[in-house]
Each structure stands twice: as C-alpha cells, then as structure tokens.
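Along the sequence shown, the residues carry numbers beginning at 1. These figures come from a predicted structure and were not determined experimentally.
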Amino acid sequence: MPHTVVRAREREIMVTPAPVAMVWNEPGRPHDAIATPGVTLGRGEALVEVELATVCGSDVHTVRGERPAPTPLVLGHEQVGRVVALGPEAVRADGSPLELGDRVVWSVSVSCGACDRCTRGIPQRCRSLAKYGHERVHRGWELSGGFATHVQLRAGTAIVPVGETLPATVAAPASCATATAVAALDAASHIALEGATVLITGAGMIGLTATAMAADAGATVVVSEPDPARRALALRFGATAVADSRVASSASEGVGGVLESVMRRGAAEPLVAIEASGSARAVRTAIGAVGVGGVVVLVGSVTPGSEVRIDPEDLVRRMVTLTGVHNYAPRHLVGAVDYLRHASLLRPFDELVGGTVTLDELDQALRAAASGLHVRVGVAPQRKH
C-alpha cells in the first residue's frame with residue numbers, strides 16, 4: 001500500500017514499486033519506460049492502478065505519424081483501474097466522494113467546468129482542455145496516459161465506478177469508444193430509435209457498439225463495412241443486414257441495394273446515419289442514404305483525409321442535419337457504463353479484445369492493433385517476474 005503524507009491542500013504519495021509509464025517520442029522509435037516513485041495529488045485528484053488498457057485507433061494513428069502529437073507522450077486513454085490514493089475532495093462523476101478501492105473508468109478529457117463551452121454542455125471542448133494520452137509529459141503529471149502501471153487523475157475528470165463483475169476487456173473501452181457511441185446516438189436523439197432504420201458505416205469499436213445500442217433500442221440497423229469478418233461481427237451485435245462498402249452502392253451487396261432490400265421487407269427509410277470509419281466515401285454514402293429530415297453524425301473523421309464535396313441544395317431540400325461528434329460529455333460515459341452492465345451479458349463485447357500483452361510489450365500491441373485483425377488489443381501493466 002502507498003505511504004501517504006497529508007498536507008493542507010495536497011497529498012504526497014510514495015508508491016512501491018514505483019509507477020512506470022511508457023513514453024513515446026517519434027514514429028519508428030520504441031517506447032521508453034520511465035519510473036515515477038513520488039506523486040503529489042492536488043485537490044480533486046486521485047491515483048489509479050491500471051488493471052487493463054486497450055489500444056484505440058487514434059493511438060495507432062499517432063505512432064504512425066498520421067496525426068500531430070506533442071512529445072514525449074504517454075499514450076493510452078481507454079482503461080479500467082482501481083483507486084489506490086486520493087487527494088482532498090476527489091469525487092465521482094455524480095458528485096459523491098470517490099473511495100479507495102473503487103474500480104473505475106474515467107473520461108478522456110479534463111475540463112474546467114466553468115468556461116463558456118463547459119457551461120454550454122460541451123466540456124470535451126473546454127477552453128483549458130487536457131486529455132489523457134494526448135499531453136506532453138511534464139513534471140507533476142508524468143502519469144498522464146493509460147499505457148502505464150498508474151494514472152494520475154486530475155480534478156475535472158469524470159470518474160465512473162464500474163463495479164467488480166464487469167470484465168476488464170469490456171470496461172476499458174468505455175472511456176473512449178463506448179462513450180463516444182453513446183454521444184453519437186445522442187446527437188440524433190430527436191429521432192426515436194424504436195422502429196427507425198439506422199445506417200452505420202464502419203464496424204470498428206464505435207460502429208459495433210452503436211450497432212448494439214441502436215438495435216437494443218428497437219432500430220433496424222444496416223452496417224456498411226469492407227471487412228467480411230467485421231460484417232459478421234456486426235450481425236452478432238444486432239445488425240439486421242450488412243453491406244459491402246467495396247462494391248457499388250446499387251449492387252445487391254452494396255449499401256443502396258441492402259437498404260432497398262430491408263425496406264421492401266417493411267423497414268422504414270433510414271433517418272439516422274452514424275459514420276464511424278473516417279472514409280470520405282463513407283461520408284458521402286451516409287449523407288446520400290438518409291431520407292427527408294434525417295440526421296448524419298460524423299464520428300470517424302478524426303485524422304486528415306480527403307475532402308468531401310457537399311451539395312448544399314440537396315441538404316436543404318431533404319432537410320438533412322449534418323453534425324460532428326468528438327469525444328463525449330460526462331453523462332455519456334455514465335450512460336456507457338450503465339449500458340454495458342446489462343449489454344455485456346447479451347452481446348459479445350468481451351470478444352472484441354483479440355489479445356493482451358504486458359506493458360513492456362506495448363510496441364508489439366501497437367503493431368497488432370495496426371494490423372486490423374483485432375477490434376482491440378489489450379495491455380496489462382503487471383510487470384513480468
């Protein structure tokens with residue numbers, strides 16, 4: 001157990017053995033391990049020992065050099081862990097006191113709660129935003145990403161208990177993919193899902209999760225995806241039908257052909273489209289597929305890509321809403337955990353982590369994630385003995 005020295009406004013924590021974080025510096029260079037024996041917890045902060053982290057697609061984009069990132073950097077923002085030390089007044093997302101031993105997930109964003117964006121309900125775009133797994137390592141916040149034995153949670157983080165029974169492989173992605181899927185569907189919430197037809201382009205973690213959520217809410221879900229193994233997974237997550245995004249839309253296996261088929265069988269025209277792949281072609285497909293009064297939610301376009309031409313007259317005449325979702329608000333993380341508590345018994349969420357390696361094998365995990373063979377790859381921080 002850590003030895004704690006209490007001060008008036010902060011707590012100095014000495015942890016044995018010392019917490020270790022894996023630091024990334026540049027594409028092509030292996031991670032370096034750094035030890036941080038002393039951690040000072042300020043007001044509202046907590047120290048969490050990581051049980052399991054998962055590799056998000058954005059981690060892969062970063063190490064490939066496909067998106068800018070400040071270095072040196074501790075990557076990782078999908079994880080579950082246990083609270084081992086507390087600063088003064090540390091609280092859960094619902095405002096109740098955080099307790100030692102709580103098994104928790106936490107938001108990717110650290111928000112001030114007071115700026116105009118926070119008060120407008122978009123704290124994930126806070127004026128003084130900090131993000132786990134995205135910040136340059138600096139003194140006082142070395143444990144800032146999930147690829148570490150411990151993470152220092154700062155005040156302004158939404159911390160949500162997950163209980164003891166939710167598998168770590170299911171809980172860890174809640175901090176990014178699951179909560180983002182909740183936010184994506186929330187962006188289209190003015191359209192009732194029960195009885196609706198929903199198109200989802202991309203069967204990665206967000207797309208599969210949104211598929212399950214929409215299907216569980218009573219929607220007919222069509223998933224467009226190039227990988228046949230992912231299309232098969234989408235059916236297991238509740239999709240009514242799947243389309244091959246590699247073929248012409250008008251083909252029987254294409255998006256248009258599949259949508260026509262489900263509508264002939266009585267489904268409504270699609271009024272919600274969730275674009276979770278980041279493909280320019282998929283963006284065009286989603287915009288073209290929704291009916292009058294429909295809404296298109298862009299989620300996957302988080303790295304630079306091809307521009308998409310949009311016909312404003314077409315959007316106006318069809319009264320289509322086009323919106324973007326980046327990360328999520330605390331309520332979406334709470335909703336994600338609530339959903340997983342029962343959905344993990346009904347859908348194969350525990351199968352989405354294709355393998356788990358130890359922390360010192362992180363570079364191997366990133367290569368495995370980049371292969372696309374697994375929806376997620378796990379990183380367990382326990383040291384080898």
Side-chain angles (χ1 to χ4, degrees), residues 9-11 13 19 21 23 36 39-50 53 56 58-59 62 67-81 83-98 102 104-148 150-162 172-180 182-183 302 325-337:
R9 297 180 61 84
E10 61 185 30
R11 289 177 178 167
I13 309 298
V23 176
T36 309
V39 179
T40 300
L41 297 181
R43 189 173 299 280
E45 297 188 340
L47 184 67
V48 175
E49 184 174 14
V50 177
C56 176
S58 64
D59 296 317
T62 298
R67 55 187 287 168
T71 57
L73 170 66
V74 180
L75 289 163
H77 54 273
E78 289 186 345
Q79 62 285 296
V80 59
V83 177
V84 294
L86 293 168
E89 301 177 16
V91 296
R92 302 166 179 154
D94 63 5
S96 62
L98 193 62
D102 278 351
V104 297
V105 294
W106 54 94
S107 59
V108 66
S109 334
V110 183
S111 309
C112 74
C115 72
D116 59 326
R117 293 177 182 174
C118 287
T119 56
R120 283 166 49 208
I122 48 172
Q124 65 270 41
R125 303 307 302 166
C126 173
R127 296 282 182 184
S128 56
L129 183 70
K131 295 176 70 174
Y132 295 96
H134 294 74
E135 304 295 328
R136 188 177 190 277
V137 170
H138 58 271
R139 187 173 297 279
W141 201 31
E142 294 87 353
L143 302 173
S144 56
F147 297 149
H150 298 72
V151 178
Q152 181 178 352
L153 304 189
R154 296 175 56 184
T157 302
I159 306 171
V160 181
V162 297
S175 295
C176 181
T178 319
T180 301
V182 174
V302 292
V325 164
H326 188 216
N327 299 142
Y328 54 86
R331 70 180 186 279
H332 299 129
L333 181 56
V334 173
V337 172

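With rounding to the nearest 0.5 Å, the separation of CG in Leu98 from CD1 in Ile159 is 5.0 Å. Here the CG atom belonging to Asp116 is positioned 8.0 Å from the CD1 atom belonging to Ile122, to the nearest 0.5 angstrom. One distance of note links CD of Gln152 with OG of Ser144; it measures 9.0 Å at 0.5 Å rounding. Interatomic distance, CG of Leu129 versus CZ of Arg117, reported as 9.0 Å (0.5 Å rounding). Between the NE2 atom of His77 and the SG atom of Cys56 there is a distance of 3.5 Å, given to the nearest 0.5 Å. One distance of note links CD of Glu45 with CZ of Arg154; it measures 7.0 Å at 0.5 Å rounding.
Taking all atoms of both residues into account, the shortest heavy-atom contact from Lys131 to Trp141 is O-CH2, 4.4 Å. When all heavy atoms of Ala69 and Leu73 are compared, the pair lying nearest together is CB-CD2, 3.9 Å. Considering all non-hydrogen atoms of both residues, Gly113 and Cys118 come closest at N-SG, 3.3 Å. Residues Leu153 and Thr157 share a closest heavy-atom pair of C-OG1, 4.5 Å. Between Leu333 and Ala158, the closest heavy-atom pair is CD2-O, 3.7 Å. Scanning all heavy atoms of the two residues, the minimum distance from Val74 to Ala21 falls at CG2-CB, 3.9 Å.
Side-chain polar atoms of Ser175 and Tyr132 form no donor-acceptor pair below 3.5 angstrom.
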| query | Does the pair Ser58 and Arg67 meet the rule for a side chain to side chain contact (heavy atoms under 4.5 Å, CB included), with working shown? | reply | CA-CA 8 Å; Ser58 64; Arg67 55 187 287 168; 3.0 Å; yes
- Message: Using the rule given for side chain to side chain contact (heavy atoms under 4.5 Å, CB included), can you reason through Val108 versus His134, listing the C-alpha separation, both sets of side-chain angles and the distance that settles it, and then say yes or no?
- Response: CA-CA 9 Å; Val108 66; His134 294 74; 4.1 Å; yes
| request: For the pair Gln79 and Val48, evaluate side chain to side chain contact (heavy atoms under 4.5 Å, CB included) and give the outcome as yes or no after the intermediate values. | output: CA-CA 10 Å; Gln79 62 285 296; Val48 175; over 6 Å; no
Legend entry - Pair Leu47-Leu143, side chain to side chain contact (heavy atoms under 4.5 Å, CB included): steps then yes or no: CA-CA 9 Å; Leu47 184 67; Leu143 302 173; 4.0 Å; yes
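Ala177 meets the side-chain contact (heavy atoms from CB on, under 4.5 Å) test with Glu78, Met205, Ile206, Arg376; sequence neighbours excluded. His332 is linked by a ring pair (Phe, Tyr, Trp, His ring centres under 6.0 Å) to nothing, counting only residues two or more places apart in sequence or in another chain.
When side chains are defined from C-beta on, Pro97 does not count as touching Arg92, because their heavy atoms never get closer than 4.5 Å.
A donor-acceptor pair under 3.5 Å is formed between the side chain of Ser107 and the backbone N or O of Ser109.
The only option from Val105, Thr178, Thr180 that meets the side-chain contact (heavy atoms from CB on, under 4.5 Å) definition with Pro173 turns out to be Thr178.
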